[in-house]
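Read the structure below first, then the notes.
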2 protein chains.
Amino acid sequence: MNAKKELELYIEELRTLVKKRGLKHSSQREQILQVLFLAKEHLTPEEIHQKVKELSPGIGLATVYRTLSFLEKEHLVNSISFGNEGKKYELNRGEHHDHMICLECGKILEFYDEELERLQEVVAKNSGFKLLTHEMILYGICPECQKK
Amino acid sequence: MNAKKELELYIEELRTLVKKRGLKHSSQREQILQVLFLAKEHLTPEEIHQKVKELSPGIGLATVYRTLSFLEKEHLVNSISFGNEGKKYELNRGEHHDHMICLECGKILEFYDEELERLQEVVAKNSGFKLLTHEMILYGICPECQKK
DNA sequence: TTATGTGCAAACTCTTTGCATTACC
DNA sequence: GGTAATGCAAAGAGTTTGCACATAA
(Lines give C-alpha, C1' and ligand atoms only; values in the text may rest on other atoms or scores of the structure.)
Protein backbone atom coordinates (compact mmCIF):
# COMPACT_ATOMS: atom_id res chain seq x y z
CA MET A 1 0.00 0.00 0.00
CA ASN A 2 1.43 3.39 -0.88
CA ALA A 3 1.74 6.18 1.60
CA LYS A 4 -0.97 8.35 0.13
CA LYS A 5 -3.52 5.60 0.38
CA GLU A 6 -2.41 4.79 3.89
CA LEU A 7 -2.84 8.39 4.97
CA GLU A 8 -6.34 8.35 3.55
CA LEU A 9 -7.16 5.40 5.75
CA TYR A 10 -6.11 7.32 8.83
CA ILE A 11 -8.17 10.31 7.77
CA GLU A 12 -11.12 8.05 7.13
CA GLU A 13 -10.69 6.64 10.62
CA LEU A 14 -10.67 10.16 11.99
CA ARG A 15 -13.86 11.11 10.11
CA THR A 16 -15.64 7.99 11.33
CA LEU A 17 -14.59 8.65 14.87
CA VAL A 18 -15.59 12.29 14.78
CA LYS A 19 -19.00 11.32 13.46
CA LYS A 20 -19.42 8.63 16.08
CA ARG A 21 -18.83 11.19 18.79
CA GLY A 22 -21.38 13.58 17.28
CA LEU A 23 -18.68 16.10 16.42
CA LYS A 24 -17.80 17.93 13.25
CA HIS A 25 -14.95 17.43 10.90
CA SER A 26 -12.34 20.13 10.48
CA SER A 27 -9.45 20.59 8.12
CA GLN A 28 -7.16 21.50 11.01
CA ARG A 29 -7.59 18.16 12.72
CA GLU A 30 -7.04 16.43 9.44
CA GLN A 31 -3.83 18.33 8.80
CA ILE A 32 -2.48 17.67 12.26
CA LEU A 33 -3.07 13.99 11.65
CA GLN A 34 -1.25 14.32 8.34
CA VAL A 35 1.75 15.94 9.97
CA LEU A 36 1.93 13.11 12.46
CA PHE A 37 1.59 10.59 9.67
CA LEU A 38 4.49 12.08 7.74
CA ALA A 39 6.69 12.53 10.82
CA LYS A 40 9.64 10.24 11.10
CA GLU A 41 10.15 11.05 14.74
CA HIS A 42 8.27 12.05 17.84
CA LEU A 43 7.13 15.67 17.77
CA THR A 44 6.38 18.24 20.44
CA PRO A 45 3.15 20.27 20.21
CA GLU A 46 5.28 23.23 19.22
CA GLU A 47 6.96 21.33 16.40
CA ILE A 48 3.61 20.07 15.18
CA HIS A 49 2.31 23.62 15.22
CA GLN A 50 5.22 24.80 13.08
CA LYS A 51 4.69 22.08 10.52
CA VAL A 52 0.93 22.46 10.34
CA LYS A 53 1.35 26.18 9.76
CA GLU A 54 2.86 25.33 6.39
CA LEU A 55 -0.53 23.91 5.46
CA SER A 56 -2.79 26.24 7.46
CA PRO A 57 -0.82 29.40 8.21
CA GLY A 58 -3.46 30.74 10.56
CA ILE A 59 -3.75 27.74 12.84
CA GLY A 60 -3.38 28.41 16.55
CA LEU A 61 -1.29 26.51 19.02
CA ALA A 62 -4.38 25.98 21.15
CA THR A 63 -5.98 24.03 18.35
CA VAL A 64 -2.96 21.79 18.20
CA TYR A 65 -3.22 21.09 21.92
CA ARG A 66 -6.96 20.48 21.74
CA THR A 67 -6.57 18.16 18.78
CA LEU A 68 -3.74 16.21 20.35
CA SER A 69 -5.77 15.68 23.51
CA PHE A 70 -8.66 14.44 21.43
CA LEU A 71 -6.53 12.15 19.29
CA GLU A 72 -4.77 10.72 22.29
CA LYS A 73 -8.00 10.10 24.16
CA GLU A 74 -9.24 8.23 21.11
CA HIS A 75 -5.97 6.32 20.78
CA LEU A 76 -5.11 7.63 17.34
CA VAL A 77 -1.88 9.02 18.71
CA ASN A 78 0.42 8.13 21.58
CA SER A 79 2.44 10.44 23.70
CA ILE A 80 5.71 9.92 25.46
CA SER A 81 7.08 12.17 28.15
CA PHE A 82 10.45 12.07 29.80
CA GLY A 83 12.08 14.34 32.29
CA ASN A 84 10.82 17.87 32.23
CA GLU A 85 11.11 18.10 28.50
CA GLY A 86 7.39 17.91 27.90
CA LYS A 87 5.34 15.49 25.88
CA LYS A 88 6.11 14.25 22.42
CA TYR A 89 3.55 12.72 20.10
CA GLU A 90 3.53 10.03 17.47
CA LEU A 91 0.84 8.50 15.30
CA ASN A 92 -0.50 5.25 16.67
CA ARG A 93 0.36 2.93 13.81
CA GLY A 94 -1.25 -0.03 15.50
CA GLU A 95 1.92 -1.73 16.57
CA HIS A 96 2.73 -1.28 20.20
CA HIS A 97 6.35 -0.58 20.99
CA ASP A 98 8.52 0.86 23.70
CA HIS A 99 11.35 3.34 23.61
CA MET A 100 15.04 3.70 24.15
CA ILE A 101 16.29 7.24 24.55
CA CYS A 102 19.88 8.23 24.00
CA LEU A 103 21.06 10.47 26.81
CA GLU A 104 23.80 11.82 24.57
CA CYS A 105 21.95 12.94 21.44
CA GLY A 106 18.31 12.62 22.52
CA LYS A 107 17.43 10.24 19.74
CA ILE A 108 14.46 7.97 20.36
CA LEU A 109 14.68 4.36 19.21
CA GLU A 110 11.73 2.03 19.18
CA PHE A 111 11.66 -1.61 20.11
CA TYR A 112 9.27 -4.40 20.82
CA ASP A 113 9.92 -7.58 22.72
CA GLU A 114 7.21 -10.14 23.14
CA GLU A 115 8.76 -11.76 26.16
CA LEU A 116 9.01 -8.43 27.95
CA GLU A 117 5.38 -7.70 27.26
CA ARG A 118 4.35 -11.09 28.55
CA LEU A 119 6.39 -10.75 31.72
CA GLN A 120 4.79 -7.43 32.52
CA GLU A 121 1.42 -9.10 32.37
CA VAL A 122 2.62 -11.76 34.77
CA VAL A 123 4.11 -9.28 37.22
CA ALA A 124 0.93 -7.21 37.24
CA LYS A 125 -1.28 -10.25 37.70
CA ASN A 126 0.83 -11.42 40.63
CA SER A 127 0.02 -8.16 42.41
CA GLY A 128 -3.66 -8.38 41.59
CA PHE A 129 -3.19 -5.31 39.41
CA LYS A 130 -5.30 -5.06 36.27
CA LEU A 131 -2.82 -3.99 33.61
CA LEU A 132 -4.21 -1.61 31.00
CA THR A 133 -1.15 -0.09 29.42
CA HIS A 134 2.45 0.57 30.17
CA GLU A 135 5.38 2.75 29.39
CA MET A 136 8.91 1.48 29.34
CA ILE A 137 11.82 3.73 28.54
CA LEU A 138 15.38 2.52 28.45
CA TYR A 139 17.91 5.31 28.89
CA GLY A 140 21.45 4.91 27.67
CA ILE A 141 23.83 5.60 24.83
CA CYS A 142 22.92 4.74 21.26
CA PRO A 143 25.37 2.87 19.00
CA GLU A 144 26.38 6.01 17.07
CA CYS A 145 27.20 8.02 20.18
CA GLN A 146 29.21 5.14 21.60
CA LYS A 147 31.54 5.32 18.65
CA LYS A 148 32.48 8.89 19.40
CA MET B 1 18.60 -0.65 62.67
CA ASN B 2 16.07 1.82 63.97
CA ALA B 3 14.66 4.60 61.87
CA LYS B 4 16.43 7.39 63.69
CA LYS B 5 19.81 5.82 63.14
CA GLU B 6 18.96 5.16 59.51
CA LEU B 7 18.03 8.77 58.96
CA GLU B 8 21.33 9.84 60.45
CA LEU B 9 23.12 7.73 57.90
CA TYR B 10 21.35 9.52 55.07
CA ILE B 11 22.19 12.87 56.59
CA GLU B 12 25.78 11.80 56.98
CA GLU B 13 25.81 10.83 53.32
CA LEU B 14 24.47 14.26 52.45
CA ARG B 15 27.13 16.03 54.53
CA THR B 16 29.88 13.99 52.92
CA LEU B 17 28.56 14.69 49.47
CA VAL B 18 28.17 18.39 50.11
CA LYS B 19 31.72 18.58 51.36
CA LYS B 20 33.02 16.59 48.42
CA ARG B 21 31.45 19.12 46.07
CA GLY B 22 32.99 22.01 47.96
CA LEU B 23 29.60 23.24 49.08
CA LYS B 24 28.17 24.18 52.44
CA HIS B 25 25.77 22.33 54.63
CA SER B 26 22.36 23.80 55.34
CA SER B 27 19.56 22.86 57.67
CA GLN B 28 17.04 23.25 54.88
CA ARG B 29 18.62 20.57 52.73
CA GLU B 30 18.84 18.30 55.74
CA GLN B 31 15.19 18.78 56.54
CA ILE B 32 14.07 18.15 52.98
CA LEU B 33 15.99 14.89 53.10
CA GLN B 34 14.29 14.06 56.38
CA VAL B 35 10.84 14.68 54.92
CA LEU B 36 11.66 12.34 52.05
CA PHE B 37 12.99 9.78 54.49
CA LEU B 38 9.79 9.80 56.52
CA ALA B 39 7.49 9.84 53.50
CA LYS B 40 5.58 6.67 52.82
CA GLU B 41 4.70 7.73 49.31
CA HIS B 42 6.01 9.77 46.42
CA LEU B 43 5.75 13.48 47.03
CA THR B 44 5.42 16.49 44.74
CA PRO B 45 7.66 19.53 45.33
CA GLU B 46 4.60 21.34 46.65
CA GLU B 47 3.84 18.57 49.14
CA ILE B 48 7.45 18.48 50.27
CA HIS B 49 7.35 22.23 50.75
CA GLN B 50 4.27 21.95 52.95
CA LYS B 51 5.83 19.29 55.12
CA VAL B 52 9.17 21.02 55.47
CA LYS B 53 7.42 24.21 56.53
CA GLU B 54 6.43 22.41 59.71
CA LEU B 55 10.14 22.22 60.53
CA SER B 56 11.32 25.48 58.92
CA PRO B 57 8.27 27.76 58.57
CA GLY B 58 10.16 30.29 56.48
CA ILE B 59 11.49 27.94 53.84
CA GLY B 60 10.78 28.93 50.24
CA LEU B 61 9.48 26.74 47.47
CA ALA B 62 12.50 27.68 45.35
CA THR B 63 14.80 26.12 47.92
CA VAL B 64 12.82 22.91 47.68
CA TYR B 65 13.22 22.88 43.92
CA ARG B 66 16.92 23.67 44.10
CA THR B 67 17.50 21.00 46.69
CA LEU B 68 15.55 18.36 44.80
CA SER B 69 17.55 19.06 41.66
CA PHE B 70 20.73 18.71 43.61
CA LEU B 71 19.68 15.53 45.37
CA GLU B 72 18.48 13.96 42.16
CA LYS B 73 21.66 14.84 40.31
CA GLU B 74 23.60 13.17 43.11
CA HIS B 75 21.29 10.16 43.10
CA LEU B 76 20.11 10.58 46.65
CA VAL B 77 16.54 10.84 45.40
CA ASN B 78 14.65 9.55 42.38
CA SER B 79 11.86 11.23 40.54
CA ILE B 80 8.98 9.78 38.64
CA SER B 81 6.82 11.72 36.25
CA PHE B 82 3.71 10.63 34.51
CA GLY B 83 1.30 12.45 32.28
CA ASN B 84 1.14 16.16 32.87
CA GLU B 85 0.89 15.73 36.59
CA GLY B 86 4.43 16.85 37.26
CA LYS B 87 7.25 15.10 39.00
CA LYS B 88 7.10 13.20 42.24
CA TYR B 89 10.09 12.43 44.38
CA GLU B 90 11.18 9.60 46.62
CA LEU B 91 14.28 8.90 48.63
CA ASN B 92 16.70 6.58 46.87
CA ARG B 93 16.83 3.73 49.36
CA GLY B 94 19.32 1.84 47.25
CA GLU B 95 16.95 -0.78 45.98
CA HIS B 96 15.91 -0.26 42.41
CA HIS B 97 12.25 -0.80 41.66
CA ASP B 98 9.65 0.11 39.10
CA HIS B 99 6.13 1.42 39.45
CA MET B 100 2.53 0.54 38.86
CA ILE B 101 0.14 3.45 38.88
CA CYS B 102 -3.58 3.08 39.46
CA LEU B 103 -5.49 5.13 36.90
CA GLU B 104 -8.49 5.19 39.22
CA CYS B 105 -7.08 6.45 42.51
CA GLY B 106 -3.58 7.52 41.49
CA LYS B 107 -1.87 5.27 43.99
CA ILE B 108 1.67 4.23 43.16
CA LEU B 109 2.74 0.66 43.85
CA GLU B 110 6.32 -0.49 43.65
CA PHE B 111 7.63 -3.73 42.29
CA TYR B 112 10.81 -5.41 41.28
CA ASP B 113 11.24 -8.37 38.99
CA GLU B 114 14.66 -9.77 38.33
CA GLU B 115 13.70 -11.46 35.09
CA LEU B 116 12.27 -8.22 33.72
CA GLU B 117 15.46 -6.39 34.57
CA ARG B 118 17.55 -9.04 32.90
CA LEU B 119 15.45 -9.03 29.76
CA GLN B 120 15.80 -5.30 29.40
CA GLU B 121 19.55 -5.71 29.41
CA VAL B 122 19.27 -8.29 26.69
CA VAL B 123 16.97 -6.20 24.53
CA ALA B 124 19.25 -3.19 24.80
CA LYS B 125 22.34 -5.19 24.02
CA ASN B 126 20.68 -6.66 20.94
CA SER B 127 20.27 -3.13 19.60
CA GLY B 128 23.82 -2.17 20.43
CA PHE B 129 22.40 0.25 22.98
CA LYS B 130 24.36 0.83 26.17
CA LEU B 131 21.74 0.67 28.89
CA LEU B 132 22.31 3.02 31.79
CA THR B 133 18.95 3.21 33.50
CA HIS B 134 15.32 2.68 32.78
CA GLU B 135 11.84 3.62 33.76
CA MET B 136 8.96 1.23 33.58
CA ILE B 137 5.48 2.22 34.58
CA LEU B 138 2.53 -0.13 34.44
CA TYR B 139 -0.80 1.64 34.29
CA GLY B 140 -3.97 -0.08 35.35
CA ILE B 141 -6.40 -0.61 38.19
CA CYS B 142 -5.19 -1.55 41.65
CA PRO B 143 -6.82 -4.40 43.60
CA GLU B 144 -8.81 -2.05 45.86
CA CYS B 145 -10.31 -0.08 42.99
CA GLN B 146 -11.25 -3.27 41.17
CA LYS B 147 -13.47 -4.25 44.07
CA LYS B 148 -15.59 -1.14 43.71
C1' DT C 1 35.92 37.15 55.54
C1' DT C 2 34.16 35.14 51.61
C1' DA C 3 31.63 32.10 48.89
C1' DT C 4 27.44 29.44 49.06
C1' DG C 5 22.55 29.02 50.40
C1' DT C 6 18.16 31.17 51.10
C1' DG C 7 13.75 33.78 50.55
C1' DC C 8 11.27 36.54 47.80
C1' DA C 9 9.39 38.06 43.66
C1' DA C 10 9.57 38.25 38.93
C1' DA C 11 10.21 35.76 34.84
C1' DC C 12 9.58 31.73 31.94
C1' DT C 13 7.62 27.68 29.74
C1' DC C 14 4.07 24.75 28.78
C1' DT C 15 -0.77 24.10 28.69
C1' DT C 16 -5.62 25.28 29.35
C1' DT C 17 -9.64 28.26 29.11
C1' DG C 18 -13.10 32.06 27.89
C1' DC C 19 -15.03 34.32 24.30
C1' DA C 20 -16.25 36.17 19.88
C1' DT C 21 -16.23 34.41 15.28
C1' DT C 22 -16.10 30.83 11.70
C1' DA C 23 -17.28 26.55 9.63
C1' DC C 24 -19.61 22.30 9.34
C1' DC C 25 -23.85 19.46 8.96
C1' DG D 1 -29.94 27.53 11.99
C1' DG D 2 -27.77 25.40 15.48
C1' DT D 3 -23.75 23.41 17.42
C1' DA D 4 -18.98 22.41 17.41
C1' DA D 5 -14.27 24.14 16.15
C1' DT D 6 -11.13 27.80 15.78
C1' DG D 7 -7.95 31.79 16.83
C1' DC D 8 -6.65 34.89 19.96
C1' DA D 9 -5.41 36.49 24.25
C1' DA D 10 -5.49 35.90 28.95
C1' DA D 11 -5.08 32.92 32.72
C1' DG D 12 -2.99 28.89 35.17
C1' DA D 13 0.26 25.65 36.80
C1' DG D 14 4.82 24.29 37.54
C1' DT D 15 9.50 25.58 37.60
C1' DT D 16 13.57 28.59 37.21
C1' DT D 17 16.24 32.78 37.94
C1' DG D 18 18.13 37.36 39.72
C1' DC D 19 19.23 39.67 43.60
C1' DA D 20 19.86 41.26 48.34
C1' DC D 21 20.53 39.23 52.64
C1' DA D 22 21.79 35.37 55.83
C1' DT D 23 24.82 31.79 57.05
C1' DA D 24 28.37 28.16 57.09
C1' DA D 25 33.34 27.39 56.88
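Order of the sequence lines sets the chain letters (A, B, ...), proteins ahead of strands, with each chain counted from 1.
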* For the hydrophobic clusters of this structure (ILVMFWY residues joined by side-chain heavy atoms under 4.5 Å, transitively), does one cluster hold both A:Leu116 and B:Leu132? ->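 Shared cluster, no.
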* Are A:Leu109 and A:Ile101 connected in a single hydrophobic cluster, I mean Ile/Leu/Val/Met/Phe/Trp/Tyr linked by side-chain heavy atoms less than 4.5 Å apart? ->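 Per the 4.5 Å side-chain linkage, A:Ile101 and A:Leu109 are not co-clustered.
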Could you state the atom-to-atom distance from [atom1] of [X] to [atom2] of [N] in whole Å?
X	N	atom1	atom2	answer
B:Lys88	D:dT15	NZ	P	12 Å
A:Leu61	D:dA10	CG	C1'	14 Å
B:Gln31	C:dT6	CD	P	10 Å
A:Lys87	D:dG14	NZ	P	15 Å
A:Lys73	C:dT16	NZ	P	13 Å
A:Leu33	D:dA5	CG	C1'	16 Å
A:Glu30	C:dA23	CD	P	16 Å
A:Phe70	C:dT16	CZ	P	16 Å

* To do: Output, in order, the C-alpha distance, side-chain angles, deciding distance and verdict of side chain to side chain donor-acceptor pair (under 3.5 Å) for B:His134 and B:Asp98.
  => CA-CA 9 Å; B:His134 73 250; B:Asp98 290 295; 3.1 Å; yes
* **Any A:Tyr65 side-chain nitrogen or oxygen under 4.0 Å from OP1 or OP2 of C:dT16** =>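 Answer is no, no contact under 4.0 Å.
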* Asked: Reckon A:Gln28 has a side-chain N or O less than 4.0 Å from the OP1 or OP2 of D:dG7?
  ->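 For D:dG7, OP1/OP2 do have a side-chain N/O of A:Gln28 under 4.0 Å.
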* **B:Arg15 vs B:Glu30, salt bridge (Lys or Arg N to Asp or Glu O under 4.0 Å): CA-CA, chis, key distance, verdict** => CA-CA 9 Å; B:Arg15 295 191 101 106; B:Glu30 186 174 319; 3.6 Å; yes
* Asked: Should A:Gln28 and A:Val52 count as side-chain neighbours, where that means a heavy-atom distance under 4.5 Å?
  ->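 Sidechains of A:Val52 and A:Gln28: no contact.
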* Do A:Glu135 and B:Met136 have side chains that get closer than 4.5 Å, going by heavy atoms? ->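 Counting from C-beta outward, A:Glu135 and B:Met136 never come under 4.5 Å.
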Side chain of [X], backbone of [Y]: donor and acceptor closer than 3.5 Å?
X	Y	value
B:Arg118	B:Asp113	no
A:Glu104	A:Cys142	no
B:Arg29	B:Lys24	yes
B:Glu121	B:Leu131	no

* Asked: Which residue, B:Ile59 or B:Gly22, contacts DNA chain C at a nucleotide closer to its 5' end, judged by nearest heavy atom?
  ->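 By nearest-heavy-atom nucleotide position, the 5'-most residue is B:Gly22.
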* Estimated bend of the helix from C:dT1-D:dA25 to C:dC25-D:dG1 (axis per five terminal pairs, rounded to 10 degrees) ->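 Computed from the C1' atoms at both ends, the axes differ by 30°.
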* **Residues within residues 38-58 of chain A bordering DNA chain C, heavy-atom distance below 4.0 Å** =>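 Only A:Pro45 qualify.
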* To do: List the steps, then state whether salt bridge (Lys or Arg N to Asp or Glu O under 4.0 Å) holds for A:Lys20 with A:Glu74.
  => CA-CA 11 Å; A:Lys20 195 163 82 182; A:Glu74 301 293 350; over 6 Å; no
* Asked: Can you give one letter per nucleotide of nucleotides 18-25 of chain D, 5' to 3': B if a protein heavy atom sits under 4.0 Å from the base, S if only from the sugar-phosphate, - if neither?
  -> B-----BS
